*Asks:* 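Have a look at the structure that comes next, please.
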Amino acid sequence: MGERELEEAVRALRSAEDRVADALRAYLERDPLTGRPVYGRIGRAAQITGWGEQRVKETAIPGLAERRRAKRAGKEAGHGE
């Protein structure tokens, strides 16, 4: 496989990941009446995608990933003191 084929494959993979993320956001939308996530959908999405539940959550809710990274960075910075 040449460099060009690799670049095309990476573009196709990123496009597919974007479509999966969009589908996950729709699948994991909160119930309009309660405002809560639909029970069991995160686990089912993890089974369907083959990803871990945390990756599913962070893909569907990008802000969650940022908050988790910031929290980890804060703990690591404070841990060394």
Side-chain angles (χ1 to χ4, degrees):
M1 178 178 273
E3 187 173 318
R4 189 172 133 211
E5 289 86 7
L6 180 59
E7 289 173 351
E8 288 174 11
V10 168
R11 277 194 295 277
L13 178 61
R14 287 188 179 142
S15 174
E17 285 180 341
D18 289 344
R19 289 193 314 272
V20 169
D22 291 342
L24 280 172
R25 285 186 199 101
Y27 184 70
L28 297 176
E29 278 185 337
R30 294 179 177 274
D31 182 281
L33 295 177
T34 65
R36 298 171 70 190
V38 179
Y39 180 78
R41 290 242 171 138
I42 291 171
R44 183 65 182 134
Q47 289 175 340
I48 292 169
T49 60
W51 296 348
E53 289 185 11
Q54 193 60 45
R55 182 175 179 194
V56 166
K57 287 189 269 184
E58 289 179 355
T59 299
I61 310 165
L64 177 63
E66 292 301 318
R67 286 194 303 268
R68 289 178 57 84
R69 280 190 210 99
K71 190 173 183 179
R72 267 195 311 266
K75 283 184 179 180
E76 290 171 4
H79 186 63
E81 291 178 9

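Computed from a predicted structure; not experimentally measured.
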*Asks:* Are the side chains of Val20 and Thr59 in contact, using a 4.5 Å heavy-atom criterion?
*Replies:* no
*Asks:* Quick one, Arg11 with Ser15, criterion side chain to side chain donor-acceptor pair (under 3.5 Å). Give me CA distance, side-chain angles, the key distance, then yes/no.
*Replies:* CA-CA 6 Å; Arg11 277 194 295 277; Ser15 174; over 6 Å; no
*Asks:* If I compare all heavy atoms of Val38 with all of Glu29, which pair ends up nearest, and what's the gap?
*Replies:* CG2-O, 3.9 Å
*Asks:* Restricting to non-hydrogen atoms, name the atom on Tyr27 and the atom on Arg41 that form the minimum distance, rounded to 0.1 Å.
*Replies:* O-NH1, 2.8 Å
*Asks:* What's the shortest heavy-atom distance between Gly52 and Ala46, and which atoms?
*Replies:* C-CB, 4.2 Å
*Asks:* Is the number of heavy atoms from other residues, nucleotides or ligands within 6.0 Å of CD (Glu7) greater than 12?
*Replies:* yes
*Asks:* What's the separation between atom CZ in Arg14 and atom CG in Asp18, rounded to the nearest 0.5 Å?
*Replies:* 9.5 Å
*Asks:* Find out whether Val56 and Leu28 are in side-chain contact, i.e. whether some heavy atom of one side chain is under 4.5 Å from a heavy atom of the other.
*Replies:* yes
*Asks:* What heavy-atom pair brings Gly43 and Glu53 nearest, and what distance separates the two atoms?
*Replies:* CA-OE2, 3.6 Å
*Asks:* So, taking the atom named CD1 in Ile61 and the one named CZ in Arg67, what distance separates them when rounded to the nearest 0.5 Å?
*Replies:* 7.5 Å
*Asks:* Let me see the working for Glu66 and Arg69 under salt bridge (charged side-chain N to carboxylate O under 4.0 Å, His left out), right down to the final yes or no.
*Replies:* CA-CA 5 Å; Glu66 292 301 318; Arg69 280 190 210 99; 2.8 Å; yes
*Asks:* For the CD atom of Glu17 and the CG atom of Leu24, what is their distance to the nearest 0.5 Å?
*Replies:* 11.0 Å
*Asks:* Should Arg25 and Asp22 count as an ion pair when the cut-off is N to O under 4.0 Å?
*Replies:* yes
*Asks:* Just so I know, are the side chains of Arg36 and Asp31 near enough to count as touching, which here means a heavy-atom distance under 4.5 Å?
*Replies:* no
